[in-house]
Amino acid sequence: REDGWQIPFNELRAVSLIALLRMGLAGTTRRRLYRLFARMPVYEDSAPWNIVLAGDRLEYIDQDTKDKTLDAHVALAYQTMAALMNYQRTV
């Protein structure tokens, strides 16, 4: 409520990813959700309660970080980890 945005409780149009995972989905459905998740942008708070299945797609719903993706930084994070692992092997 601090930002004036209200959670719309009057209609059900999606189910959170955490709720779906806790239901014990069949393997094919779980794999499909994983593929959809892997195609999503990397958000600051990609916790499964901030992601919902709406129809046939996953949506990120955290309003505070919805416009902040980290896709450009993921490659740099991988390069940094690789450099540190090489450094550790050297030292």
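Remember, it's a predicted structure, so these values are computed and weren't measured experimentally.
T69 approaches Y43 most closely through the heavy-atom pair CG2-CE2, 3.6 Å. When all heavy atoms are compared, the tightest approach of V42 to D71 is N-OD1, 2.7 Å. Residues I61 and W49 come closest through the heavy atom pair CD1-O, 4.0 Å. Here the closest heavy-atom approach between residue R32 and residue D56 is recorded as NH2-O, 3.3 Å. Heavy-atom minimum distance, M40 versus I51: SD-CG2, 4.0 Å. Across all non-hydrogen atoms, the minimal contact from T29 to L25 is CG2-CD1, 4.1 Å.
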Quiz item: Under the side-chain contact (heavy atoms from CB on, under 4.5 Å) criterion, do D45 and K68 qualify, and how do the steps go?
Solution: CA-CA 9 Å; D45 191 7; K68 303 172 189 171; over 6 Å; no

Practice problem: In sequence, state the C-alpha distance, the side-chain angles, and the governing distance for R57 and L36, and then conclude on side-chain contact (heavy atoms from CB on, under 4.5 Å). | Solution: CA-CA 7 Å; R57 67 186 187 287; L36 291 172; 5.6 Å; no

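Hydrophobic cluster membership differs between L84 and L76, with clusters built from Ile, Leu, Val, Met, Phe, Trp and Tyr side chains linked at under 4.5 angstrom. Note on V15 and Y34: separate hydrophobic clusters, where clusters join Ile, Leu, Val, Met, Phe, Trp and Tyr whose side-chain heavy atoms are under 4.5 Å apart, directly or indirectly. Linking Ile, Leu, Val, Met, Phe, Trp and Tyr whenever their side-chain heavy atoms come within less than 4.5 Å leaves L21 and V52 in two separate clusters. Hydrophobic clustering, with ILVMFWY side chains joined whenever heavy atoms are under 4.5 angstrom apart, groups L33 together with Y60.
Between the CD atom in Q88 and the CE atom in M81 there is a gap of 13.5 Å [rounded to 0.5 Å].
Remark: of the listed residues L17, T65, D62, I18, D62 is the sole one forming a side chain to side chain contact (heavy atoms under 4.5 Å, CB included) with N50.
K66 and E59 are not joined by a salt bridge, as no carboxylate oxygen comes within less than 4.0 angstrom of a charged side-chain nitrogen.
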